[in-house]
There are 2 protein chains.
Amino acid sequence: MVPLAAAPSRRSGAGPAAPRAPGRAVTLRDVAAEVGISQSAVSMALADHPRIGQPTKDAVRAAAARLGYVPNSAGRALRAGRSSSIAVVVPNTGQHVFGHLYFMHLLVGVTAEANARDVALMVSTNPDESHGVAAYERVLRSRAASGAIVASASINDPNVKRMAEAALPVVLIGRFPHLPQAVSVGVDDVAGAEQITRHLVEEHGLTRIAHISGPLDHQQPVDRYEGFRAGLARSGRACTHSLAIGDFSEESGRAAARQILDSMTDVQAIFAANDEMAYGALLEIRARGLRVPEDVALAGYDDFGVSRLTTPGLTTVHVPAEDMGRLAAAQLFRLLDGTAPEPAQSVVPTRLVLRESCGPHAG
Amino acid sequence: MVPLAAAPSRRSGAGPAAPRAPGRAVTLRDVAAEVGISQSAVSMALADHPRIGQPTKDAVRAAAARLGYVPNSAGRALRAGRSSSIAVVVPNTGQHVFGHLYFMHLLVGVTAEANARDVALMVSTNPDESHGVAAYERVLRSRAASGAIVASASINDPNVKRMAEAALPVVLIGRFPHLPQAVSVGVDDVAGAEQITRHLVEEHGLTRIAHISGPLDHQQPVDRYEGFRAGLARSGRACTHSLAIGDFSEESGRAAARQILDSMTDVQAIFAANDEMAYGALLEIRARGLRVPEDVALAGYDDFGVSRLTTPGLTTVHVPAEDMGRLAAAQLFRLLDGTAPEPAQSVVPTRLVLRESCGPHAG
DNA sequence: CACTCCTGCTTAAACGTTAGAGCAAACGGG
DNA sequence: CCCGTTTGCTCTAACGTTTAAGCAGGAGTG
């Protein structure tokens, strides 16, 4: 059959850069009509198929560029059976500054890896802790994203468990020792907390020390508390310690500090499980007319960017959220490629960040 | 034709909750086979089409729930000609904490509005200021997202201009007075800067005052500088002022403060065009043994969450980024619905936030 | 010169969805 | 009892892509 010379007068001549009707997108068909070959030939030409002649390829590429052809992602996804995007699932967004920054760092890392693969990124929020079928499950089952990175799930989130069992392409952020089959990227919080605790005890000689923990149904606070106790034990010094529980919020940190300062009047140092609670503690300590670090030393955890800004600067443990995002994305791509990530559960190291809140640096 | 009683033994009986082969997604065909009707009937039943009988609808919904059917988004997008997601485009991610927080606030707002519409969110980054065809154009032309919200474009970004002219469904964050046809959501920075400037002058009597501006090829710094001058003029007092230019970074703010303190030794107040530069100025002032606010009062702009944490707390102008995100999304949806947003260029008001850095509050 | 093989394309099918057209049966009115 | 209307579904086509299969013509081989 004769190539049918394009549909009735869609393009007048061969004038360059005269895009179609505004609303209409340029498809393979348009490029094909432009070049005078079939649309599959165009597809193959753009894919650099060996069975397409070089002159044709050149002509196709020129025409595609001229018309501004961009492959329709829905068409591709449908044909391929998988979309070219991944999702990042963040919990209900009711958090505050510190939590925001965590996700932003994570996102930066994920984005970097996704960009390198030319993969689009979707951000999905888990409306509530248990809004029936979780958002990510809908995202995955609708094939809108071919894989997901789930940030900050509760230690016993039923969705997470089900997901891991269903072998969906999901990477969890955090340690999930109870789900060995799940692919996860966690932080070595035990080591991090131990390191900072030992710093307080061994370098600064502070042996009366309190810990403000987060809710103990999450792995992270559990690990940090464990590291705290391990640090005390391994310091080789006799320490007195106490524990108060917060919920990672500044206000709860302040309340916890209140409780500690009331009950342990000779406390020398407070180590909070995150910077936000540490900041709350700072406010409480100050409100009592005490000085940091002279009267009470203070340490936090996370270092997502604001612990630097307080006065005094907050000594803390740096959690490499950006690296974690990058690693999580890499693991997810391995999962999608079919190659099971070598250690399903990877753990990244932390870094002790010394500032002024723990006292003068040792010479 | 007889309904063909499902494909060979895919489901044994009617046992509930027995999902298909792990990898295979559940499609309309599966539900149709389960119920014993055609797939289009299933589609119509799920869409609550009036021409489908109630018993059939019930049966279909039950079967869909039982099998865990989730519509394939690629299929839908392809058929509908538009995807059910929108994109948020953020500039190259090389920014620091403050910038991160801005986007996070914005994202929270956009997410809220998108969730209400059951629309997915893509996050795309503009690799470089001019990476050939911009990321968002690819996203839009590939129909991966049906609209985009572009955060923080330069005042004379050629892509933005072209996009506005091409009438793509895009909402710009920021004021774009030169592009009247573009839909944008901006901040009333002139008013905000005027207000804080007048506060410094009128309430605190600080008449020797310097402004640290951002790069003047962006609308925001221009507006804030204009507001600064307007504030001085309208204060009704004779003021001496000076100007230094930074790039919104902490370090540049510090450098600008250095320049100001060197050249204007009797400066009483510094108003920086964002909190990050104000923090840099704070460091410089302190390094010189001067006190804030006793020796030099300080004010910033943005209030994305960290200006509260410094000591002294930073007096600043609150930019309602979350509201802007929500509004931008709403505008985008209006655009996609075909109803042109009433005022194409909307401007949200700011709020003065008084903290300690500007001096003691007037009783 | 007949044959095989290669080259370079075309045709067709499929992915999952939706919607308009079509059609059989039931139902009501005359 | 027959015809028109309504009801409730089925059939088909289309969205844009990729790819397997097919096919015409030319080149090379016997």
Side-chain angles (χ1 to χ4, degrees), chain A residues 1-4 7 20 23-60 64 67-84 140-144 146, chain B residues 1-5 7 20 23-60 63-64 67-84 140-144 146:
Chain A
M1 194 203 283
V2 181
L4 199 50
R20 328 251 125 186
R24 273 259 293 99
V26 178
T27 75
L28 280 181
R29 263 232 308 263
D30 300 316
V31 181
E34 175 84 3
V35 179
I37 58 175
S38 75
Q39 61 171 317
S40 28
V42 174
S43 175
M44 292 190 287
L46 291 174
D48 209 20
H49 194 286
R51 296 283 290 273
I52 300 291
Q54 194 55 50
T56 307
K57 284 182 185 173
D58 294 341
V60 166
L67 299 180
Y69 169 72
V70 176
N72 178 302
S73 60
R76 273 207 165 153
L78 187 55
R79 163 74 217 207
R82 62 155 54 186
S83 104
S84 73
L140 290 181
R141 290 215 186 284
S142 76
R143 295 283 198 272
S146 39
Chain B
M1 192 203 287
V2 182
L4 201 49
R20 330 249 125 188
R24 273 256 296 95
V26 178
T27 75
L28 280 182
R29 263 236 307 264
D30 301 315
V31 181
E34 175 84 1
V35 179
I37 57 174
S38 77
Q39 62 171 316
S40 25
V42 174
S43 174
M44 290 191 287
L46 291 175
D48 209 19
H49 194 285
R51 294 288 287 275
I52 299 290
Q54 195 56 49
T56 308
K57 283 182 184 172
D58 294 340
V60 165
L67 299 180
Y69 169 71
V70 177
N72 179 301
S73 60
R76 270 204 168 155
L78 185 54
R79 164 73 216 210
R82 62 154 56 183
S83 102
S84 72
L140 289 181
R141 289 214 187 283
S142 76
R143 293 285 199 270
S146 39

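All values derive from a computational prediction rather than experimental measurement. We use all heavy atoms of the structure for the numbers below, so side chains are in, but hydrogens, waters and symmetry mates are not. All chains are named by letter (A, B, ...) in the order of the sequence lines, taking the proteins before the strands, and each is independently numbered beginning at 1.
With hydrogens and angles disregarded, a donor-acceptor distance shorter than 3.5 Å links the side chain of S146(B) to the backbone of S83(B). Distance alone, capped at 3.5 Å, places no donor-acceptor pair between the K57(A) side chain and the A47(A) backbone. In terms of modelled atom types and a separation under 3.5 Å, the side chain of D58(A) and the main chain of P55(A) share no donor-acceptor contact.
Rounded to a whole Å, the CZ atom of R143(A) is 21 Å from the P atom of dT17(D). The interatomic distance linking I37(A) (CD1) with dC9(C) (C1') rounds to 8 Å, in whole Å. Going from atom CD1 of I52(B) over to atom P of dC11(D) covers 13 Å, rounded to whole Å. Rounded to whole Å, the distance from CD on Q54(A) to P on dT7(C) is 14 Å. Distance NE2 (H49(A)) to P (dT17(D)): 17 Å, rounded to an integer number of Å.
Closest approach of V60(B) and V35(B) over heavy atoms only: CA-CG2, 4.0 Å. Looking at every heavy atom in both residues, Y69(B) comes nearest to L46(B) through CE2-CD1, 3.6 Å. Heavy atoms only, all atoms of each residue included: D30(A) and T27(A) are closest at OD2-N, 2.8 Å.
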Contact state string [nucleotides 13-23 of chain C, B base, S sugar-phosphate only, - no protein heavy atom under 4.0 Å]: BBBBBBB----

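Distances shown here put a side-chain N or O of T56(B) below 4.0 Å from the OP1 or OP2 atom of dC9(D).
The line from CZ of R76(A) to OG of S84(A) is 7.5 Å long, rounded to the nearest 0.5 Å.
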Dot-bracket pairing map - DNA chain C, Watson-Crick plus G-U, both contacts under 3.5 Å, | cross-strand: ||||||||||||||||||||||||||||||

Give every donor-acceptor pair under 3.5 Å between a side-chain atom in residues 37-45 of chain B and any protein atom, sequence neighbours left out.
residue : atom : partner : partner atom : Å
S38(B)  : OG   : S40(B)  : OG           : 3.3
S38(B)  : OG   : A41(B)  : N            : 3.2

